[in-house]
Structures are given as structure tokens and as C-alpha cells.
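This report concerns only the one structure given below.
Ligands are counted one by one from 1 in listed order, and the atoms in each one are counted from 1 as well.
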Amino acid sequence: MNISIIGTGYVGLVTGACLASQGNNVLCCDLDSAKISDLQKGILPIYEPGLPELVTRLTDSGNLSFTCEMSETVRHSTVLFITVNTPTLENNICDLGNVLEVIKGIADHMASYKIIVHKSTVPVGTGRKAGDILKALLAEQGKDLEFDMVSNPEFLREGSAVNDFLSPERIVIGTACEKAAAFMMEIYKKQRRNGVPMLLTGLETAEMIKYASNAFLAMKISYINEIANICELCGADAVEVAIGMGLDKRIGCKFLSAGPGFGGSCFPKDLRALSGLGKSYGYDTGLIDCITETNRRQKRRMVQKIAAAVGSLKDSTITFLGISFKPDTDDIRESPSLAIIRDILDKNARIRIYDPKALDNLKRQFPGLPVTYCDNAYTACEGSDCVVLATEWNEFACLDFKRLKSIVSKPVFLDLRNVYSPEEVKAYGFHYEGVGRK
Ligand code: UDX
């Protein structure tokens, strides 16, 4: 089947490459000609395990191609996936400017029936509103053409997005049209044959499932972080508390890892958008707002933890192992490490940083940041008064503490991801603190 993808960011690129890997003929469109030119050479704008190989193989096979031309993209397929960025503005309202630009482009070039699929996360009601706008634009142009809107939210996690697309936990399709639903069932036939459950529901319900799911996952994280903070005060171990909780299938063991707070381009943005959506109807989103506030406070608490461990931050050398918001990505958007580092810099500490993939992004996005960039964990720990494990990259799970002891200034190790057991680090003469465990 021919498929068109409009927007070659994180969601669009993964969706396009994976659909191409399933035998479709996929054309990906972006208005950023430099990005398209790079993609045509196999140069990707993001780091995502497995994606470069997929893009190269499928570009070579002719299943995947890239263009800046909207006319070609709209003609290419009956099914048009909208996968453009939908940032949240300061007032917590989701910015749909990119989506509406795409709708206008579709209206300008549409000459036959289309199925328009929203895959980017959009506020509840966007699909219907976009349909009304498209209808009005077509009428203005005197085009008597049919189309149907579909919501097909993505549940991709950075670092495992290719697998998440090819082997999802579920596929959600929101549409009122049986013909459009049939098209989507065909697109996801391989996942369905592999037993992936598919939920067919209404537009607004599908849009809400995405927000409600992300907010719930974020709530689990803020919840376990609060429990961990209480554990620190009463001597319980938050890692074992989470294990005990997770044995109850109603709770589940995932997303109960205490840490410095959640980051990334989704949870914070989706919580703000969901709060804004509720408030736009005059509803007080108390719980949703608490998830965000608890997360903000958790990052601040980490600064206090570091300050307490070194005595005084002023003129101390603090090492950060990890700047990306999670491992296996170069993405630093709303990374807890970044928020903590900026707080600590305000208190005149010296910062040394190493991250396996995200340093280039940090240099590019914050060129003037007064920190020392290091090319490996041990160099980053030289002369350190406090080593902070901030992102749980695998290479940080097997540090040589004997060697570390010989190069740090003070043997202080703050394990913000509870990668190590306290005993194993203390055995090397380090002061150890985790989150919710000592
Ligand atoms: C999330 C959702 O998981 C995914 O389904 C959705 O499509 C997009 O948003 P992502 O943001 O890529 O995916 O990363 P995720 O693995 O969910 O982690 C988000 C943040 O929560 C990271 O900062 C991570 O470190 C943190 N986290 C996650 C915790 O602090 N504790 C946990 O137990 C799990």
C-alpha cells in the first residue's frame, strides 16, 4: 500500500520507516529541505537505536523516500499520516499551527478521497476540528471531495521506538467511518496477525486515550518519587517497596523506579496540554497539576541532596554522568539533569559532564553553558567532590569504584537512578545516597 507521512520528526520518521519495513511504499514529506536532503543521504536528525539501519535499507529498496513537495505527497497515497510537532505554549494550550498548515496543504493539493490520520499527540477534539476546517477549505476551492479523519495515537518510547511500533501493546484507532477503519486494519495487518489488540473507538476517545495514558504513567513516577522521599525519612527502601507493590497485578511493576523526576518531550508537554484542556472547559485539573508540581519539586530536591552531600556547592566540583532525559537517546528535552545542573551553576559550583550520546545536543542547544565536557566517565570524575549518576546508561552500571576512588577529590556518589545497591558502593569507601534508599 502507498502511504504518505507528513512531518519527519521523531514520530514521523519511526512510523514511515516501520511501515516501509512492512512492505508499504512510504513517502515522507517535510518542509525542512535541509532535513530532507540529509535523510535522502541516510543522515538522521535524531539518535534512535535501529532506525538508521532501517532507513538506509528501506531507502535502498525503494520502499521509503523523502520529499519537500506537498503536492506529490498528497497524490502519493489515500492515507495521509500527520506527524508534525504539536508543542504546548506557555498558557498550556497546545499549538496546532503545524497541524493546520498541513490541513491547508492537503486542501490545496487534494483531488480524490483521502483518509487523514492524526498520529501526533493532539488535544481532544482536534481531529473533528481539523475535519471541519478541511471541509471549509475544500468548499472555498469548489472541490466536492470526500475524506475521513482518523486518530491513531502513537505510544512510542524514545530508545525503543522501532520495537514499540512493530510490536506495540495495543493499537488504538479512532474514527466514525468503517471504510477508514478498514484501511487502518490493513495497514496494521502484521501487528494484528501477531496478536496485537486493536481498539476501534471514536475520534475524541482515541485522542483522550493517549493523554490519559501518558498522564497516568507520569503519575506513577511522581507517586513513587513521593513514596521514595518518605522512605528516606523513615528508613524504608523505595526500590524494594516498588518490588513489593508491583507484585500486585493491579499496580504492575513498571514505571515505579524512583529518580530525579521525569523529562522528555512527552510527559511534561502532555500534562500541560491535558491541564489546559480541562481548564478550557472550566474544570480544575487538581490531580493532573499535582503530577507536574511533584515532578518540579523532585528536581529541586535533588539539588538539596547534592548540596547536603558536599557541604557547600560554592566552588565544589560536581560530576554528572548522564544528561539525556533517559538512556539510549540523545534527547535532552526537559531532562531532569539539565534542570539540576542549571540550579547548581547558580550556586557557583563547577560542573563536569559526560553522556554517551547527548553532549552534542547540549553544546548546540546551550552553547554558553559554563560546564566542562568530558569524553568518558572517569575523566568526568577527576577531582570531583560529588559524582551524580543522573541517567542510567548501561555503561554507568559497571563503574570501577576502586579507580574512581583514586581520581575523585571526595568519595561521594549520588545514584539518582538507584542503579547500585548502597552496600556495593560503600564497600569502596564512598558516601552513597540513592533516591529512597541510603
Ligand atoms: C513516554 C511514554 O512511555 C510513551 O508511551 C509515549 O508514547 C511517549 O512518552 P518517553 O517519554 O520516550 O515515552 O520515555 P519513558 O520511557 O516513558 O520515560 C519518560 C521519563 O520518565 C524519563 O525521564 C524516565 O527517566 C522517567 N521514568 C520512567 C522514571 O523516572 N521512572 C520510571 O519508572 C520510568
Does the distance from a Lys or Arg side-chain N to an Asp or Glu carboxylate O, for Arg272 and Glu334, drop under 4.0 Å? yes
Among non-hydrogen protein atoms, atom 28 (C) of ligand 1 lies closest to Ile221 CD1, 3.5 Å
For atom 31 (N) of ligand 1, what is the closest protein heavy atom, and at what distance to 0.1 Å? Ser257 O, 3.0 Å
Is it the case that ligand 1 has an N or O less than 3.5 angstrom from some N or O of Glu158? yes
Does Gly264 come within less than 4.0 angstrom of ligand 1, counting non-hydrogen atoms of the residue? no
Protein contact of atom 25 (O) of ligand 1 - nearest heavy atom, named by residue and atom, plus distance: Arg417 NH1, 2.9 Å
Can Lys254 be said to touch ligand 1, with heavy atoms closer than 4.0 Å? no
Can you tell me if Asn229 and Arg301 form a side-chain donor-acceptor pair at under 3.5 Å? yes
Best match, Phe155, Phe255, Tyr10, Phe262: closest heavy atom to atom 20 (C) of ligand 1: Phe262
With the side chain counted from C-beta on, respond yes when Thr372 and Ile353 share a heavy-atom pair under 4.5 Å apart, and no when they do not. no
Answer with yes or no after comparing the ring centroid distance for Tyr420 and Tyr432 against a 6.0 Å cut-off, counting only values under it. no
State whether Arg300 and Asp343 are salt-bridged, where the test is any N-O pair (Lys NZ or Arg NE/NH1/NH2 against Asp/Glu carboxylate O) under 4.0 Å. yes
Partners of Glu240 by side-chain hydrogen bond (donor to acceptor under 3.5 Å, both in side chains), sequence neighbours excluded? none
So is Lys220 close enough to ligand 1, meaning a heavy atom under 4.0 angstrom away? no
Less than 3.5 Å between some nitrogen or oxygen of Phe325 and one of ligand 1, yes or no? yes
So is Cys266 touching ligand 1 or not, going by heavy atoms under 4.0 Å? yes
Lys438 and Glu433 ion-paired at < 4.0 Å: yes
Flag for Asn98-Asn85: side-chain donor and acceptor within less than 3.5 Å: no
Nearest heavy atom to atom 7 (O) of ligand 1, choosing from Arg157, Lys210, Lys269, belongs to Lys210
Lys326 N/O under 3.5 Å from ligand 1 N/O: yes
